[in-house]
Q: 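Got a structure for you, questions after.
Computed from a predicted structure; not experimentally measured. As a basis for the values below, the full set of heavy atoms in this structure was taken, side chains included, without hydrogen atoms, waters or symmetry mates.
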Amino acid sequence: MNFSYLKCGAAALVPAGLMAFAAAAAPAPADLVLLHGAIHTQDARRSVLEALALRGNTIVAAGTEESVEALIGPNTRKIDLGGRVVLPGIIDAHTHPAQGAQDLGKCNLDDKPLTPALLKRRIAVCLKEHPPTGTRWFEAVMVDPSGLTLSLADLDSMLPGRPMQLSGSDGHTVWLNSPALSAAHISAGTPDPAGGRIERDAAGRPTGTLRDTAADMVQSAMPKDDLEHETSQLAQALASMRATGITSIQDAAVDDHLMQIYKQLYDTHRLNMRVRGSFWLKNLDEPPAALIDAAVRFRVKWAIDPDFLRADAVKIFADGVIEYPSQTAALLEPYLDAQGHPTQNRGPSYFVQDNLNQIVTAADAAGLTVHFHAIGDRAIRSSLDAIAEARRRNGSLDNRDQIAHLELIDPADFPRFKQLGVIANFQLLWVERGDYIDEATIKYLGPQRSRYLYPARSLRDAGALIVGGSDWNVSSFDAFEAMEHAITRAEGRHNPVLLPKESLTLQEMVDAYTINAAFALKQERTTGSLEPGKRGDFIVLDRDIFAMDPYDLHETQVTATYLDGREVYAQKPR
């Protein structure tokens with residue numbers, strides 16, 4: 001018998017075709033593996049795994065170390081997590097980076113309570129440190145508007161000879177001195193714009209305070225920055241966001257100019273952020289068909305990259321802000337006066353309900369997400385009513401409409417969020433006791449209505465999907481600070497708590513900033529969880545947030561941020 005075949009080895013026993021198949025079936029090595037971690041995948045079972053593997057921009061394995069080690073090749077980069085926590089990249093579902101970035105470097109008053117006299121002193125310091133030159137206006141930002149009433153004389157005394165604009169930290173109030181009013185052509189004869197208000201004295205003359213869309217009247221009068229400067233400012237802002245773990249954003253109010261800034265970053269390979277824009281629908285009393293035609297053209301124009309830059313949502317401001325003295329939020333019942341007596345003021349109406357119904361119905365039919373700003377209970381009900389009309393006419397089209405802010409909701413409307421499929425887009429960093437709530441809100445609502453301020457738990461228990469957003473630059477974009485406030489309902493361990501029964505859990509807040517927010521942005525098939533087939537958007541934390549006192553969540557640091565499998569932020573060694 002001829003045994004010479006044994007000399008050929010085991011391979012000789014396998015036909016050539018089967019050997020080729022085996023070679024083809026062997027998985028290619030991973031480009032990156034994470035080992036020895038606590039990887040919170042945010043999958044449907046909220047699995048916590050040891051290891052993750054990526055090839056290019058895609059996750060190819062998530063599981064045990066043994067399963068992932070099989071994908072390690074000679075050129076695979078290995079990261080030993082040493083037990084550290086990994087989360088999907090943070091998704092900020094309501095923010096304003098393109099606009100807010102332009103305030104970087106301006107006089108910043110830090111959203112601290114001010115009297116007119118203290119404000120004047122702070123402005124004087126800023127003018128000394130950063131005197132305006134050329135044709136530039138002097139600008140100050142993050143001015144706390146709660147309880148602050150300024151006359152034109154107050155404003156002119158701060159800077160009499162050059163245009164000055166002060167911007168409120170609420171994002172809905174600006175103050176102009178006389179040179180700025182003149183430059184903007186705002187006088188006693190100027191009518192209030194739709195969706196805004198010019199404050200006036202007894203004789204009808206502007207006092208220098210502009211509310212909501214009235215502030216837009218100023219923009220054309222102000223000197224413009226060049227596009228590259230604005231682009232650099234936005235790049236700086238987005239870099240700061242990545243340092244806190246943010247990998248995707250929904251810019252909650254954009255126009256052509258702001259989208260052009262994003263595109264400049266994209267074209268020069270500096271974007272490093274997934275961006276979905278919401279086109280701001282202004283002048284809600286215009287014919288609905290014309291408004292939505294413009295929105296559809298906007299979507300087509302800015303469909304730059306489905307993964308990184310698009311604008312397939314529309315933004316509607318249903319009201320303003322609730323705090324005194326602005327009180328432009330729309331309420332079902334009147335505001336109280338400082339002595340607790342009802343007034344005649346329920347807040348302005350910025351639209352006709354039938355027109356709003358038609359706008360939302362047309363936007364829904366066009367496949368656009370409708371993104372409402374609604375603070376007061378009447379504005380929230382009107383928004384829900386418009387969405388209900390769209391559902392009646394169009395059926396359910398899965399456009400994932402959402403209402404942001406949600407400061408005061410009538411309990412009768414809690415179940416409507418689930419019934420209508422409306423996403424509750426909360427900014428829960430604002431949940432704390434302080435001047436905004438105690439002196440400028442509760443005082444003018446009364447205790448009965450104030451039981452339902454930022455009712456996150458009530459909405460969650462009623463079945464609403466909760467997502468998280470920052471509203472930067474109105475407030476910090478650090479999601480871990482917002483998580484702390486959502487859980488503790490307080491600003492720090494020893495401070496008063498605001499309605500603790502409305503607290504959410506940490507897991508619910510992580511959901512809000514990952515898989516839920518991905519759903520709201522229509523990108524849950526690629527982001528929001530760490531599962532095979534999804535993109536490599538993830539962050540590494542310096543501590544286990546699931547095993548710590550929630551009052552310490554604000555101390556959480558992100559040590560690394562990955563976007564599309566690439567490291568886009570790394571904490572510098574201390």
Q: Does a side chain donor of either D251 or Y262 reach within less than 3.5 Å of an acceptor in the other side chain?
A: yes
Q: Please assess N425 against I403 for the test side-chain contact (heavy atoms from CB on, under 4.5 Å), listing each intermediate value before the final yes or no.
A: CA-CA 6 Å; N425 192 323; I403 302 178; over 6 Å; no
Q: Give a yes or no answer on whether the side chain of S470 reaches the backbone of W472 with a donor-acceptor pair at less than 3.5 Å.
A: yes
Q: Under the side chain to side chain donor-acceptor pair (under 3.5 Å) rule, what do S178 and D156 come out as? Steps first, then yes or no, please.
A: CA-CA 6 Å; S178 290; D156 287 346; 2.6 Å; yes
Q: Identify whether the distance between the nearest side-chain nitrogen and carboxylate oxygen of D144 and K112 falls below 4.0 Å.
A: no
Q: Less than 4.5 Å apart, any side-chain heavy atom of D537 and any of P88?
A: no
Q: Less than 6.0 angstrom separating the ring centers of H371 and H373, yes or no?
A: no
Q: Any idea which heavy atoms bring I359 and L284 closest together, and the distance?
A: CD1-O, 3.4 Å
Q: Is there a side-chain contact between Q42 and E531 in this structure, where contact means two heavy atoms from C-beta onward sitting under 4.5 Å apart?
A: no
Q: Hydrogens and angles aside, do S232 and E228 bring a side-chain donor and acceptor to less than 3.5 Å of each other?
A: yes
Q: Taking all non-hydrogen atoms of both residues, which atom of I186 and which atom of T190 are closest, and how far apart?
A: CA-OG1, 3.5 Å
Q: Evaluate side-chain contact (heavy atoms from CB on, under 4.5 Å) for L453 paired with W430, printing each intermediate quantity in order.
A: CA-CA 10 Å; L453 290 171; W430 302 344; over 6 Å; no
Q: Find out whether N177 and F138 are in side-chain contact, i.e. whether some heavy atom of one side chain is under 4.5 Å from a heavy atom of the other.
A: no
Q: Using a strict 4.0 Å threshold on nitrogen-to-oxygen distance, state whether E524 and R400 make a salt bridge.
A: yes
Q: For D307, is there an ion pair with R535 - N to carboxylate O distance below 4.0 angstrom?
A: yes
Q: Between the side chains of D312 and R299, is the shortest nitrogen-to-carboxylate-oxygen separation below 4.0 Å, so that they form an ion pair?
A: no
Q: Does the side chain of T328 pick up a donor-acceptor pair with the side chain of D212 at under 3.5 Å?
A: yes
Q: Report yes if the side chains of I387 and F417 come closer than 4.5 Å at any heavy-atom pair, otherwise no.
A: no
Q: Indicate whether the side chain of T213 and that of R197 have a donor and an acceptor atom separated by less than 3.5 Å.
A: no
Q: For H96 and D471, does a side-chain donor sit closer than 3.5 Å to a side-chain acceptor?
A: yes
Q: Are there more than 12 heavy atoms of other residues, nucleotides or ligands under 6.0 Å from atom CZ of F480?
A: yes
Q: Hey, are D192 and R211 close enough for a salt bridge, meaning a charged N less than 4.0 Å from a carboxylate O?
A: no
Q: Do you know which of Q250, Q523, R274 makes side chain to side chain contact (heavy atoms under 4.5 Å, CB included) with I91?
A: Q523
Q: Report, as yes or no, whether the 6.0 Å neighbourhood of atom CZ on R136 holds more than 12 heavy atoms from other residues, nucleotides or ligands.
A: yes
Q: What's the verdict on side-chain contact (heavy atoms from CB on, under 4.5 Å) for R122 and L127, showing C-alpha distance, side-chain angles and the deciding distance?
A: CA-CA 9 Å; R122 292 288 304 274; L127 283 166; over 6 Å; no
Q: Ion pair present between D305 and R310, side-chain N to carboxylate O less than 4.0 angstrom?
A: no
Q: With side chains defined as the heavy atoms from C-beta onward, is the minimum distance between L152 and L181 less than 4.5 Å?
A: yes
Q: Kindly indicate, with the supporting measurements, whether the criterion side-chain contact (heavy atoms from CB on, under 4.5 Å) is fulfilled by L166 and L119.
A: CA-CA 10 Å; L166 312 180; L119 174 60; 4.0 Å; yes
Q: With side chain to side chain donor-acceptor pair (under 3.5 Å) as the test, would you mind laying out the steps for D225 and Q102 before giving the verdict?
A: CA-CA 9 Å; D225 286 319; Q102 307 317 313; over 6 Å; no
Q: Is the closest basic N to carboxylate O distance between R391 and D401 below 4.0 Å?
A: yes
Q: Would K522 and F519 count as a cation-pi pair here, with the cationic atom under 6.0 angstrom from the ring centre and within 45° of the axis?
A: no
Q: Check for me whether the distance between the ring centres of W302 and F279 falls short of 6.0 Å.
A: no
Q: Less than 4.5 Å apart, any side-chain heavy atom of T207 and any of S151?
A: no
Q: Of all heavy-atom pairs between V370 and A363, which one has the smallest distance, and what is that distance?
A: CG2-CB, 3.8 Å
Q: So, D385 and R416, do they make that salt bridge, N to O below 4.0 Å?
A: yes
Q: Is K301 paired with D256 through a side-chain N to carboxylate O contact shorter than 4.0 Å?
A: yes
Q: Before you tell me yes or no, could you show the steps for H485 and H554 under ring pair (Phe, Tyr, Trp, His ring centres under 6.0 Å), namely the whole-Å CA-CA distance, both residues' side-chain angles and the distance that decides it to 0.1 Å?
A: CA-CA 9 Å; H485 284 211; H554 68 278; 8.6 Å; no
Q: For Q358, look at atom CD and say whether over 12 heavy atoms of other residues, nucleotides or ligands are found less than 6.0 Å away.
A: yes
